[in-house]
Amino acid sequence: MKTISYRVNALAMVTSIQDKAVADAIANEWSQQKVVAFIVKLQAPSPHNANKLTVNVVCAGIKKNRKKERFGAPEMGDAFCSDCKRHTEVVFDHSAGDTVCSECGLVLESHSIDETSEWRTFANESGDNDPVRVGGPTNPLLADGGLSTVIAKPNGASGEFLSSSLGRWQNRGSNPDRGLILAFKTIATMSDRLGLVATIKDRANEIYKKVEDQKSSRGRNQDALLAACLYIACRQEDKPRTVKEICSVANGATKKEIGRAKEYIVKQLGLETGQSVEMGTIHAGDFMRRFCSNLGMSNQAVKAAQEAVQKSEEFDIRRSPISIAAAVIYIITQLSDDKKPLKDISLATGVAEGTIRNSYKDLYPHVSKIIPSWYAKEEDLKNLCSP
């Protein structure tokens, strides 16, 4: 009897192959995939016919392409096989939960329960620092770090009396972080609806915590305060959003209320630090890619619009950056084959049609210097409608 070990990518199986050359070819093909080990045993079927060999392929399992899967090469051990009538070497297949006899391929135990931990740990490599933990991350903005215990309500009408009583006592107790937790949840919801990154959300939480610590925001519109914190955080992180965009997710707060709340927050933060709050400068190019994406413009048109906005900063155009961005988009679309109506540009940018016309009137004298020469020729610029 001869034993050969390979590494394969196949399901747990047992097969018999009469031709040794075919068995070697299959084993070589499987071995190139380098997934898990299996055992090939070559055994003569009878003493009279030693030329023909029966190849029993006992595949130990498959390692699937999952990042969190813990299964590696199968483990070996000894167990009693009912077919072989003796103790044989067995293979433990963790991926399928099977214990397979290496002699005959009989599955001695199937769907066995793995009692080890289901997560990966590197405690052995990192010394005494075991990274395994349970629960959410700590929040330094809360008094207890966000690690307080909450007693859940009993399920059904026949809930335990003790848990329901403890829950009532906990609700009666004053939680100093209850208002902050609700505010942070509202900021997280608005950030998700706007597609903002986590750094902006964390900055908005910090701003609200500073305002709340001064105990001077009572009686003010809470939704407007949270929306203003998010607006300031976007400005400070150089990812500005328009007031209309913030207002669309502000739970009913109006633009005027958000503007007043922003001025109040800037004033309070300035009093706390003793210096003016840095809000960051808004440029028309900060909104260009997002506005063009809303209109479904081509990559070439987006590139031309970005270059045109940068060149427009060299001229004294006394318009808001959002209005300039909308006017540049209008010019670029009029020079392309895919012309966009003024109504669609107004909806995508949040700028009124009359404001776009007035901004276009201010940009028109500088069109030849603003629009890139590779995008439009002088003849095309002359065909633009005069304001």
Side-chain angles (χ1 to χ4, degrees), residues 190-201 230-231 233-249 279-387:
M190 292 191 294
S191 300
D192 292 339
R193 292 177 63 183
L194 289 174
L196 303 177
V197 295
T199 54
I200 297 178
K201 181 188 68 174
L230 194 61
Y231 175 80
C234 292
R235 291 276 299 269
Q236 291 182 349
E237 293 292 329
D238 295 329
K239 301 292 182 183
R241 292 293 189 272
T242 63
V243 180
K244 276 192 176 181
E245 289 176 308
I246 300 293
C247 185
S248 64
V249 297
M279 291 279 290
T281 306
I282 297 179
H283 300 281
D286 297 333
F287 308 96
M288 185 59 65
R289 182 171 291 276
R290 189 166 68 255
F291 289 165
C292 294
S293 176
N294 294 337
L295 288 168
M297 297 171 59
S298 63
N299 294 332
Q300 188 176 11
V302 173
K303 184 179 178 181
Q306 290 177 330
E307 292 185 12
V309 162
Q310 291 179 356
K311 292 180 180 179
S312 66
E313 295 179 355
E314 300 174 0
F315 303 94
D316 185 16
I317 302 173
R318 299 185 179 183
R319 294 284 175 178
S320 67
I322 303 173
S323 302
I324 295 175
V328 168
I329 291 175
Y330 176 73
I331 296 173
I332 293 296
T333 54
Q334 295 305 308
L335 294 173
S336 65
D337 297 332
D338 185 16
K339 294 180 172 58
K340 304 289 183 183
L342 192 61
K343 182 179 179 180
D344 292 350
I345 298 176
S346 176
L347 291 174
T349 59
V351 182
E353 296 182 21
T355 305
I356 297 176
R357 291 193 187 97
N358 293 332
S359 300
Y360 172 71
K361 183 178 180 180
D362 294 340
L363 286 173
Y364 185 78
H366 311 287
V367 164
S368 59
K369 299 178 181 179
I370 291 176
I371 303 302
S373 58
W374 58 265
Y375 184 77
K377 299 179 181 180
E378 294 185 3
E379 297 177 358
D380 299 328
L381 298 178
K382 292 179 182 179
N383 293 331
L384 285 173
C385 59
S386 59

Is [X] atom [atom1] crowded by more than 12 heavy atoms from other residues, nucleotides or ligands, each under 6.0 Å away?
X	atom1	result
Lys343	NZ	no
Glu313	CD	yes
Asn383	CG	yes

What pair of heavy atoms forms the shortest contact from [X] to [Y], and how long is it?
X	Y	value
Phe315	His366	CD2-ND1, 3.5 Å
Arg235	Pro240	CD-CB, 4.2 Å
Ser248	Arg193	O-NH2, 3.6 Å
Gly296	Lys340	O-NZ, 4.5 Å
Ala301	Met297	CB-CE, 3.7 Å
Pro372	Lys311	CA-NZ, 4.1 Å

How long is the gap from [atom1] on [X] to [atom2] on [Y], to the nearest 0.5 Å?
X	Y	atom1	atom2	answer
Tyr364	Ile370	OH	CD1	12.5 Å
Ile246	Leu230	CD1	CG	4.5 Å
Thr333	Ile345	OG1	CD1	4.0 Å
Asp380	Ile371	CG	CD1	11.0 Å
Leu381	Glu379	CG	CD	10.0 Å
Leu363	Ser312	CG	OG	6.5 Å

So [Y] and [X], do their side chains get closer than 4.5 Å, heavy atoms only?
X	Y	answer
Glu307	Trp374	yes
Leu196	Lys239	no
Ile356	Ser346	yes

Practice item. Please name all residues satisfying salt bridge (Lys or Arg N to Asp or Glu O under 4.0 Å) with Arg357, sequence neighbours left out, ordered by chain then number. Key: Glu353

N/O donor-acceptor pairs under 3.5 Å from side chains in residues 281-294, not counting sequence neighbours:
residue : atom : partner : partner atom : Å
Asp286  : OD2  : His283  : N            : 3.1
Arg290  : NE   : Glu245  : OE2          : 3.0
Arg290  : NH2  : Glu245  : OE1          : 3.0
Asn294  : ND2  : Arg290  : O            : 3.3

Under 3.5 Å, which donor-acceptor pairs link side chains of residues 317-332 to any protein atom two or more places apart or in another chain?
residue : atom : partner : partner atom : Å
Arg318  : NE   : Asp316  : OD2          : 3.4
Arg319  : NE   : Asp362  : OD2          : 2.8
Arg319  : NH2  : Asp362  : OD2          : 3.4
Ser320  : OG   : Ser323  : N            : 3.3
Ser320  : OG   : Ser323  : OG           : 2.8

